[in-house]
Every structure is written in C-alpha cells, then in structure tokens.
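Since we're looking at a predicted model, the values are computed, not measured.
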Amino acid sequence: MTEPARRGFSGEVAENYARFRRGYPPPVVDALAEAFGLDRTDVAVDLGCGTGQLTLPLAERLRAVVGVDPEPDMLRLAAATARERGVRTASWMMGFDSDLPTLAALLGPGAVAAVTAATAIHWMDHRALFASARALLRDGGGVAVVTNGDPLWLQASDWSRTLRAVLAEWTGKDVGWACGTDEESRAGYRAAMVDAGYEAGETRVEYEADLDVEGIVGLMFSAMSTKDVADPVRRNDFAGRVRAALAPRTRFVEHVTVVVQTGVLEK
Ligand SMILES: C[S@@+](CC[C@H](N)C(=O)[O-])C[C@H]1O[C@@H](n2cnc3c(N)ncnc32)[C@H](O)[C@@H]1O
C-alpha cells in the first residue's frame, strides 16, 4: 500500500511553525465546547495537529486529546511544547486523516466527542473524514474545521500585498491558493458535513495580532515547503527580499478572523 503524500512540513518549516505560528484564542475552544457540549470527561482527536496549536488548548479543557500528524518533526515539537506547558492530557500519533477508521477500531464506537482539523483540512479528503468520524463520535459530538485567518500574503492590507509580490517573484508561481480559507471552500465543507448527516454551524472569532518583520519572515517560512527553505542561502535571500520590501516599516497589524465550522452528530 502506498503512503499518502506528506506535504513538506519537516525541518525548518516545523521549527518556524513551532516558533511563530499563533495558537487559537480561548473563544475558539469555547465555541467547540459549546457546539459539542465538551467537558473534562471528553476525548478529542485533532487531525493535522502540527505543533499543537489547537491540540494543546483543547487538551487543557478535556480528559485527553490525540494529536495526529504525518510529520515526525511537527509531533516532536508539539510534544516538547506540551512538556514545557505542563500539559499531560495530550498524546501524539504519527498518521494521516485516512487513519481515522483505525483510531475508531482502537478507541471503540462513541469514544470521542470531537474530531478537529485546524488549518489542515485542505490537505485531507474531507468527505471521507466526515464519514469515517461518525463511528468514533458520541451522541452530540462532531467534526470541526477551523481556520486561523487568511494566509499572510493574501490579506487586504498594503504590507500583505507587498508580501504577495515578493513571494510570487521568488517562487515564480501563482501564490493565490487560499488553503481552504475562502468562502467557496467553506461552503464545500459545510455541504459535505450536511451530506454526511451532521448539523452544520459556524462561529467567527476576531482578533488583532501585532507582527514585526522577523515574525513575518518566520510565518512565511512556516507556510512554505521544506524544499523551499532547506537551503540557508535561498532562505536568507528570501528573508532579505521581505525585509527590503517592507522597509522602513517595522510593525504591522494583522486582522485575523478565525472561522470555526462545526458539524454536530445526533445519533
Ligand atoms: C498548516 S499545518 C496546521 C497545524 C495546526 N493544526 C494549526 O492549526 O496551526 C497543517 C498540518 O497538517 C499536516 N498534514 C498534511 N497532510 C495531512 C493528512 N493527510 N492528514 C493529517 N495531517 C496532515 C501537516 O503535516 C501539518 O502539520
């Protein structure tokens, strides 16, 4: 059997991810808790957990959360962050969204209150995922698709448009893919939830983030593929271009809208 494709989230990308990517503010976990009636007796599975951006705040509120990701570097850094923060209710599994049926067999029917995919659903077969999650979910539990704002280079601000131009020139590619954060993708996830028998809902949480140039460079590296950032010369070239294009400004404000799409299962 062939392994599903990894997406180049190892090495430098994972390091930048752990260092620069923001987690989700408390109202995001509140929205999940409200939708699925989560409490300390519950277990969740966070698919595409990365370095634990959603896994860890969820784990602080539940009995246990399993973070699943195909990249060992992401999982290693997630586990290190959990240790640093003293979170003992998170556990880590190397795997893909397609491993959900195995998890269902392992944990048993109704064992899980929520299956989440945060800034990760665009790498997954969401229809298969919503269907296979049903076997795992308890009554009133469900699936959630969470996004943490638009990609940094696709936002409605001058500095974001500048970044987009730098990125397009550097990669020589169209950099317009919104990674599942656009309304059309969201409508598709919603329709797929309804088709799979879930009651669909949505909550938006807005916040502002302050960024400096090094934060922007780090966030950009966290969103690239490992092959783009592995070579230090190429990496420095990109960082230099971003710094030059954004100068003389040193501080930037990002208006972030987190969208939490939920599908609640009434068995
Ligand atoms: C952009 S990161 C998101 C990390 C984190 N959940 C967050 O909200 O910031 C996407 C993650 O999805 C993982 N991934 C890619 N394909 C996947 C798949 N088929 N199944 C599970 N995870 C996958 C990547 O390794 C990466 O860690």
Check whether Met224 and Val213 end up in the same hydrophobic cluster, where Ile, Leu, Val, Met, Phe, Trp and Tyr are linked by side-chain heavy atoms less than 4.5 Å apart.
yes
State, yes or no, whether a side-chain contact exists between Pro72 and Met94 at a heavy-atom distance under 4.5 Å.
yes
Side chain to side chain contact (heavy atoms under 4.5 Å, CB included) between Asp42 and Arg63: does it pass, once the steps are laid out?
CA-CA 5 Å; Asp42 279 317; Arg63 179 157 62 94; 5.9 Å; no
Restricting to ring-ring contact (aromatic ring centres under 6.0 Å, His included), what partner residues turn up for Tyr198, sequence neighbours left out?
none
Test Leu62 against Thr89 for side chain to side chain contact (heavy atoms under 4.5 Å, CB included), laying out the working first.
CA-CA 7 Å; Leu62 304 186; Thr89 44; over 6 Å; no
Close side-chain approach of Val66 to Val112, heavy-atom, < 4.5 Å:
no
Could you tell me which non-hydrogen atom of Ala14 sits nearest to which non-hydrogen atom of Thr51, and how far apart they are?
O-CG2, 4.1 Å
Heavy-atom check, side chain of Leu152 versus side chain of Gln155, under 4.5 Å
yes
As an exercise, state the distance from CG of Leu75 to CZ of Phe9, rounded to the nearest 0.5 Å.
12.5 Å
Checking Arg235, Arg241, Arg234 against Asp237 for salt bridge (charged side-chain N to carboxylate O under 4.0 Å, His left out), the one that qualifies is Arg241
For the OG1 atom of Thr102 and the CG atom of Leu107, what is their distance to the nearest 0.5 Å?
10.5 Å
Within the distance-only criterion (no hydrogens, no angle test), does the side chain of Glu202 pair as donor or acceptor with the backbone N or O of Ala200 below 3.5 angstrom?
no
Smallest separation among heavy atoms of Val217 and Ala239, with atom names:
CG1-CB, 3.8 Å
Specify the closest pair of heavy atoms between Arg134 and Gly197, including all atoms of both residues, with the distance to one decimal.
NH1-CA, 3.6 Å
I need the minimum non-hydrogen distance between Ala133 and Val143, along with the two atoms involved.
CB-CG1, 3.7 Å
Looking at Asp39, I'd like to know if its CG atom is crowded, meaning that more than 12 non-hydrogen atoms belonging to other residues, nucleotides or ligands lie closer than 6.0 Å.
yes
In one Ile/Leu/Val/Met/Phe/Trp/Tyr side-chain cluster, 4.5 Å: Leu246, Val253:
no
Pair Val13-Glu71, side chain to side chain contact (heavy atoms under 4.5 Å, CB included): steps then yes or no
CA-CA 11 Å; Val13 173; Glu71 286 295 348; over 6 Å; no
When rounded to the nearest 0.5 angstrom, what is the spacing between CG in Asp231 and OG1 in Thr226?
13.0 Å
Do Leu265 and Asp139 have side chains that approach each other closer than 4.5 Å (heavy atoms only, starting at C-beta)?
no
How about CD on Glu208, more than 12 heavy atoms from neighbouring residues, nucleotides or ligands closer than 6.0 Å, or not?
yes
Partner residues of Arg186 under the side chain to side chain donor-acceptor pair (under 3.5 Å) criterion, sequence neighbours left out
Thr147, Glu183
Can you tell me how far apart NE2 (His122) and OG1 (Thr181) are? Round to the nearest 0.5 Å.
8.5 Å
Can you tell me how far apart OG (Ser160) and CD1 (Ile216) are? Round to the nearest 0.5 Å.
9.0 Å
Closest heavy-atom pair and its distance - Val87, Ala59
CG1-CB, 3.8 Å
So do the side chains of Met93 and Leu103 get within less than 4.5 Å of each other, counting heavy atoms only?
yes
So, Asp182 and Ser185: side-chain donor and acceptor under 3.5 Å apart, yes or no?
yes
Ionic contact status for Arg76 with Glu15, cut-off 4.0 Å:
yes
Taking ring-ring contact (aromatic ring centres under 6.0 Å, His included) as the definition, give me every residue that meets it alongside Trp170, ordered by chain and number, with sequence neighbours left out.
Phe238
Between Trp153 (side chain only) and Leu167 (backbone N and O only), is there a donor and an acceptor less than 3.5 Å apart?
no
Check step by step if side chain to side chain contact (heavy atoms under 4.5 Å, CB included) holds for Glu12 and Phe221.
CA-CA 8 Å; Glu12 284 291 329; Phe221 286 150; 6.0 Å; no
Could you measure the distance from the CZ atom of Arg22 to the CG atom of Asn148? Nearest 0.5 Å is fine.
6.5 Å
Pick from Val45, Thr55, Asp46, Val115: which one makes a side chain to side chain contact (heavy atoms under 4.5 Å, CB included) with Val68?
Val45
Could you state whether Phe252 and Val166 fall into the same hydrophobic cluster, counting links through intermediate Ile, Leu, Val, Met, Phe, Trp or Tyr residues with side-chain heavy atoms under 4.5 angstrom apart?
yes
Listing, residues 24-36 side-chain donor-acceptor contacts under 3.5 Å, not counting sequence neighbours, or none:
residue : atom : partner : partner atom : Å
Tyr24   : OH   : Thr119  : OG1          : 2.7
Asp30   : OD1  : Arg61   : NH1          : 3.0
Asp30   : OD1  : Arg61   : NH2          : 3.0

Do Val260 and Val264 sit in the same hydrophobic cluster, where Ile, Leu, Val, Met, Phe, Trp and Tyr count as joined when their side-chain heavy atoms come under 4.5 Å apart?
yes
Identify, with sequence neighbours excluded, every residue that meets ring-ring contact (aromatic ring centres under 6.0 Å, His included) alongside Tyr189.
His126
Taking a hydrophobic cluster as the set of Ile, Leu, Val, Met, Phe, Trp and Tyr residues connected by side-chain heavy atoms closer than 4.5 Å, whether directly or through intermediates, do Leu58 and Leu100 fall within one such cluster?
no
Search all heavy atoms of Leu47 against all heavy atoms of Phe96 and return the closest pair with its distance.
CD2-O, 4.5 Å
Got a donor-acceptor contact below 3.5 angstrom from the Thr262 side chain to the Ala144 backbone?
no
Using a 4.5 Å cut-off between side-chain heavy atoms of Ile, Leu, Val, Met, Phe, Trp and Tyr, which other residues end up in the same hydrophobic cluster as Leu77?
none
Test your reading of the model: is there a side-chain donor-acceptor pair from Arg19 to the backbone of Leu219, 3.5 Å cut-off?
no
